[in-house]
Amino acid sequence: LTLSEKLDFVLDMSPREGEQEPLDRLYKGVLDGLFPSYDTDPRIRERFRSVLGQILAFIKPVSVGTLRLIRQQSKVAASTHLPTSPGSTDEVHAILHVMGSLLSGVSDHDGDSPVRPLHSSFYELLTTRERAGKYFIDPSVEHGALALGLLRSMMLESSGLRFNICHLPSSFLRNKD
């Protein structure tokens with residue numbers, strides 16, 4: 001599209017008089033533009049719901065790197081076969097790299113910035129079935145996968161929970177000693 005056509009597209013999504021949630025049409029138009037095959041490709045739909053569902057399910061926002069680790073661990077836990085390939089975390093990038101206009105922290109090349117909606121109205125849209133329509137996300141669906149991934153992360157042999165995690169000389173010493 002030309003710049004003029006893009007402007008016309010955005011202006012056409014402007015709030016209409018009497019509209020209850022004026023940003024909804026704008027958000028949905030942006031999502032339609034970012035994910036044009038959302039309706040026809042079930043992989044895109046599932047990845048979108050899964051990645052954004054996990055982001056929305058966290059009470060405290062997490063970084064892309066943390067999200068990738070947790071997703072990798074939850075997939076390993078859910079798999080009855082072999083663990084997923086290291087490249088499988090690219091599904092996080094596939095969804096988030098285009099969402100800089102709606103989410104903060106997605107353009108951080110180090111992956112250390114927390115990912116969160118730029119505005120609470122985007123969160124409210126996605127988590128309200130009547131308003132979101134096809135983009136509805138139920139964060140509670142992802143809570144189980146998150147819990148499993150977090151537990152598996154804590155059980156990693158190299159960096160997880162273990163006896164004497166602080167490498168104290170003796171576990172028999174009192175705190176004040």
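Note that the structure is a prediction, hence the values are computed from the model and not measured.
Here F136 pairs with nothing under the ring pair (Phe, Tyr, Trp, His ring centres under 6.0 Å) rule; sequence neighbours left out. Evaluation of the ring pair (Phe, Tyr, Trp, His ring centres under 6.0 Å) rule for F35 yields F48 as partners, not counting sequence neighbours. Remark: S140 pairs with D138 by the side-chain hydrogen bond (donor to acceptor under 3.5 Å, both in side chains) rule, at least two apart or across chains. Scanning for ring pair (Phe, Tyr, Trp, His ring centres under 6.0 Å) contacts around F122 gives Y27, with sequence neighbours left out. Residues satisfying the side chain to side chain contact (heavy atoms under 4.5 Å, CB included) criterion with L34, sequence neighbours excluded, are V30, V98, M99, L102. Checked against side-chain hydrogen bond (donor to acceptor under 3.5 Å, both in side chains), R43 has the following partners two or more places apart in sequence or in another chain: D41. With sequence neighbours excluded, the residues that form a side chain to side chain contact (heavy atoms under 4.5 Å, CB included) with T2 are S4, E5. Contacts of D39 classified as side-chain hydrogen bond (donor to acceptor under 3.5 Å, both in side chains), with partners at least two apart in sequence or in another chain: K134. For R116, there are no salt bridge (Lys or Arg N to Asp or Glu O under 4.0 Å) partners, not counting sequence neighbours. With sequence neighbours left out, H119 forms a side-chain hydrogen bond (donor to acceptor under 3.5 Å, both in side chains) with S121.
For the residue pair P36 and G33, the shortest heavy atom distance occurs at CD-O, 3.7 Å. Closest heavy-atom contact between V115 and I55: CG1-CD1, 3.7 Å. Residues S101 and L118 share a closest heavy-atom pair of O-CD1, 3.4 Å. Shortest non-hydrogen contact noted between P114 and P61 is CB-CB, 3.7 Å. The minimum heavy-atom distance between A132 and L125, with the atom names listed, is CB-O, 3.0 Å.
To the nearest 0.5 Å, atom NZ of residue K60 and atom OG1 of residue T66 are 10.0 Å apart. For the atom pair I95 CD1 and R49 CZ, the distance stands at 11.5 Å (nearest 0.5 Å).
For the pair Y123 and L56, the minimum side-chain heavy-atom distance is below 4.5 Å.
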Begin with the C-alpha distance, continue with both residues' side-chain angles, and end with the deciding distance and a verdict on side-chain hydrogen bond (donor to acceptor under 3.5 Å, both in side chains) for R71 and S50. CA-CA 9 Å; R71 289 178 63 81; S50 177; 2.8 Å; yes
What verdict does the side-chain contact (heavy atoms from CB on, under 4.5 Å) test give for L96 and L52, after you've listed the backbone C-alpha separation in whole Å, the side-chain angles of each residue and the deciding distance to 0.1 Å? CA-CA 9 Å; L96 296 183; L52 258 68; 4.1 Å; yes
Step by step, work out the side-chain contact (heavy atoms from CB on, under 4.5 Å) result for V106 and H97. CA-CA 6 Å; V106 296; H97 84 282; over 6 Å; no
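Put simply, the side chain of K28 gets close to the backbone of R131: a donor and an acceptor are under 3.5 Å apart. Without hydrogens or angle criteria, T128 side chain to E124 main chain gives a donor-acceptor distance under 3.5 Å.
If you run side-chain contact (heavy atoms from CB on, under 4.5 Å) between E91 and each of R68, E46, R47, only R47 comes through.
Using modelled atom types and a 3.5 Å distance limit, the side chains of S37 and T40 yield no donor-acceptor pair. For the 3.5 Å distance criterion, the side chains of Y135 and D24 fail to qualify, holding no donor opposite an acceptor.
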